[in-house]
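Below: the structure, in structure tokens.
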Number of protein chains: 2
Amino acid sequence: MKKRGIPTLEDVALSSNVSTATVSRYLNNPEKVAKSTRSQIQKAIQKLGYTPNLGGRMLASNKVRMVGAIIPTMANAMFSNGIQAFQEELSRNDITLLISSSGYDPKQELQQMQSLLASGAGGLLLIGNERPKKTLKFLNQRNLPYVVTWAYKDGVEGFYAGFNNRQAAFDLAKIVIEYGHTKIAMIAGISENNDRAGGRIEGVKDAIAEHSDSVRLVDLIETKYRMETGGNAFDALMSRVDKPSVIMCGNDVLAAGVIMRARQRGIRVPEDVSVTGFDDLNIASALTPSLTTVRVPHFAMGRAAAKLLLKLIRKDDTAKSIEFSTEIILRDSLRRIG
Amino acid sequence: MKKRGIPTLEDVALSSNVSTATVSRYLNNPEKVAKSTRSQIQKAIQKLGYTPNLGGRMLASNKVRMVGAIIPTMANAMFSNGIQAFQEELSRNDITLLISSSGYDPKQELQQMQSLLASGAGGLLLIGNERPKKTLKFLNQRNLPYVVTWAYKDGVEGFYAGFNNRQAAFDLAKIVIEYGHTKIAMIAGISENNDRAGGRIEGVKDAIAEHSDSVRLVDLIETKYRMETGGNAFDALMSRVDKPSVIMCGNDVLAAGVIMRARQRGIRVPEDVSVTGFDDLNIASALTPSLTTVRVPHFAMGRAAAKLLLKLIRKDDTAKSIEFSTEIILRDSLRRIG
DNA sequence: CTGAAAGCGCTTACAG
DNA sequence: CTGAAAGCGCTTACAG
């Protein structure tokens, strides 16, 4: 027992009159050790209070014991449920989750990536598909298994457990148009470096383009996903001469901000203006009026992402991207007009 | 570059014409390396995409590089902001966060604890103060630094960065009583193994006890922190002959469920019944009516917890528990009566 | 079923 | 300011 008094594998070997190789075998593949030897070792471990040293293990073997996730933010509930499911699935496989946040900043994301790798991550969960060449090069160079979630792209290399933001927003916008709305405004997330926000904008534009004779995009404001900024954008929109009949929001947090601000201003939703969200967070059903939004299968997605990542780590050939479908949830904040 | 193609410190040394010792120094104490050497090494690291190997580092030195957090759940926004702040502060100190969730189950908490330690955690963030002897013994035996948050206890061993749930609930209940409410019902979280939920219940009871001649606790329902269970509890309360004039909820999620269900039932808040929450999540201000609640300084608390834990890890003598005060946020869901 | 030995990638006195 | 070398605790072919 060296300096720090912490018993090592060697101490166990000495104390049980076998080699370190045998103790190691006992620890990792007990069935490869004779029964009588097993109990000797077991006793020695008990007596010494031995616990394997992670550093030694990591260095000597190459097993993945941890994976990392980098999410834009833990504030708000946007990613909570997905990450919860991701972590639970990892835990079931005896893998620990390292987590960090990037604040929607690609530079920070790269930095966090490096730091997670340095912390032993043997795989990564990333949000969205848009990142600088430098980051991609790093990932590639390290040959690190990773899964992209919250987004989905067809026919592209890489592995996804996500959904098509553009399609989902398109579907919702089609319904909005079908409901008779011709003057659409959008309050979106900031699309730079954020393909989810960007995709949602594109989806709305696509739908409008299909009805370019009658429907138009009155205004588009990009802003941070916060209730307050959503409220501010709402004020800006409603002070236009050319007011929208519906405000499509890039997520539920923005929509909550809009609905709250509308109440403060005495503007009625949906009588004076309709509102839609995206995500179907808890908040969506709790708002007054309840929010028409897009339901994203956060939980299933997080879990699937973990399973996929695990397969990649194990070099399982059956690893395959999964696209989740989203669902339009019609509630009271969107009304038929015209 | 050995087999797996992952560059090692040696590769960097080779590529920059210095010894591994110097590269290591550059990594750990750049100021001990000549400027010109630094930039050589920097270039090589860039070129190779080198990231230090954790196993090697852990084995060679004894520095703490990761700490773990075990939170009851990541679903909902309850802990999100606190954990976000915690992680950011750790990141500033080059420490990675290992995270896991216990589902409010003490057995799982212990298991997660062991697994986080086996994953290299050199310190722990724990929520609340109530845990089985077995868990405490384990913590003690490992002599592991840990900080308790979301709770605070005076004159007890251990380190806290939290607040007094009982006092906070007491303060809110006093105001409720001052507003003229005499028939109080409470929908609380499940208090078994949850001192935060328990403390909030006690606080309300304390306040009622001070007015036992005029005020009483009509009913107390303990349930999971979910909107739906909150709604169900609301139904149960409003089907009583002896209806409460106010429903104090153990947190904002429950309160949101109550307000939503009330609307569905055609029961007006606060005209027919007042409602209060706890936490001041985003949702609180977005509800209609907006929710009277207790504001918890999640962000400051998470950050302080990280700083405290870091001090404990560094064996800094100035490490000291911090108690945060909470604030009553008066909004529309609570009205004066009588 | 077991052991001797090489090696995993890093840090750190120790010398210079 | 820099390098040679020992050593951290484990796993794993390879022999036997």
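Throughout, protein chains are lettered first and strands after them, A, B, ... in sequence-line order, and every chain is numbered starting at 1.
Nucleotide dC10(C) holds its P atom 13 Å from the CG atom of Leu117(A), rounded to whole Å. When the C1' atom of dC10(D) is taken as reference, atom CG of Leu9(A) falls 6 Å away, rounded to whole Å. Residue Asn62(A) contributes atom CG, which lies 9 Å from atom P of dT12(D) at whole-angstrom precision. With rounding to whole Å, Ile6(B) atom CD1 is found 13 Å from dC8(C) atom P. Rounding to whole angstrom units, CG of residue Asn17(B) and P of dC1(D) are separated by 19 Å. Rounding to whole angstrom units, CG of residue Leu59(B) and C1' of dC8(C) are separated by 9 Å. Rounded to a whole Å, the NZ atom of Lys63(B) is 8 Å from the P atom of dT11(C). Atom OH of Tyr26(A) and atom P of dG3(C) are 16 Å apart (whole Å).
Note on Ser24(A): a side-chain N or O is less than 4.0 Å away from OP1 or OP2 of dT11(D). The phosphate of dT2(D) has neither OP1 nor OP2 within less than 4.0 Å of any side-chain N or O from Thr22(B). Within the 4.0 Å cut-off from OP1 or OP2 of dT11(D), not a single side-chain nitrogen or oxygen of Arg25(A) is found. For dA4(D), the OP1/OP2 oxygens have no side-chain nitrogen or oxygen of Thr20(B) closer than 4.0 Å. A close approach under 4.0 Å does not occur between any side-chain nitrogen or oxygen of Ser61(B) and OP1 or OP2 of dC8(D). An OP1 or OP2 oxygen of dG9(D) is reached within less than 4.0 angstrom by no side-chain nitrogen or oxygen of Thr8(A).
Of the candidates dG9(D), dG3(C), dG7(D), the closest approach to any side-chain atom of Ala60(B) belongs to dG7(D). Comparing dG9(D), dT2(D), dC10(C) by their closest approach to the side chain of Asn53(B) singles out dC10(C). Checking dA5(C), dT11(D), dT12(C) against every side-chain atom of Asn28(A), the shortest atom distance belongs to dT11(D).
Atom name C1', nucleotides dT12(C) and dG16(C): the rounded distance is 16 Å, in whole Å.
At the heavy-atom level, Tyr50(A) lies under 4.0 Å from the strands shown only through sugar-phosphate atoms. Within 4.0 Å of Ala34(A), counting heavy atoms only, lie sugar-phosphate atoms of the nucleic acid but no base atom.
Nucleotide dC14(C): paired with dG3(D) (Watson-Crick or G-U wobble, both distances less than 3.5 Å).
Among all heavy-atom pairs drawn from Gly128(B) and Val148(B), the shortest one is O-CG1, 3.2 Å.
Side-chain contact between Arg196(B) and Pro72(B): present, with at least one pair of heavy atoms (C-beta onward) separated by less than 4.5 Å.
Between the side chain of Thr20(A) and the backbone N or O of Glu10(A), no donor-acceptor pair lies under 3.5 Å. Side-chain atoms of Asn53(A) come within 3.5 Å of backbone atoms of Gly55(A) as a donor-acceptor pair (strictly under, hydrogens ignored). Judged by distance alone, the side chain of Glu89(B) and the main-chain N or O of Gly302(B) form no donor-acceptor pair under 3.5 Å.
Comparing Lys32(B) and Val23(A) along DNA chain D, the residue whose closest nucleotide (by nearest heavy atom) sits nearer the 5' end is Lys32(B).
The pair Arg303(A)-Glu88(A) fails the salt-bridge criterion, with no side-chain N (NZ, NE, NH1 or NH2) lying under 4.0 Å from an Asp/Glu carboxylate O.
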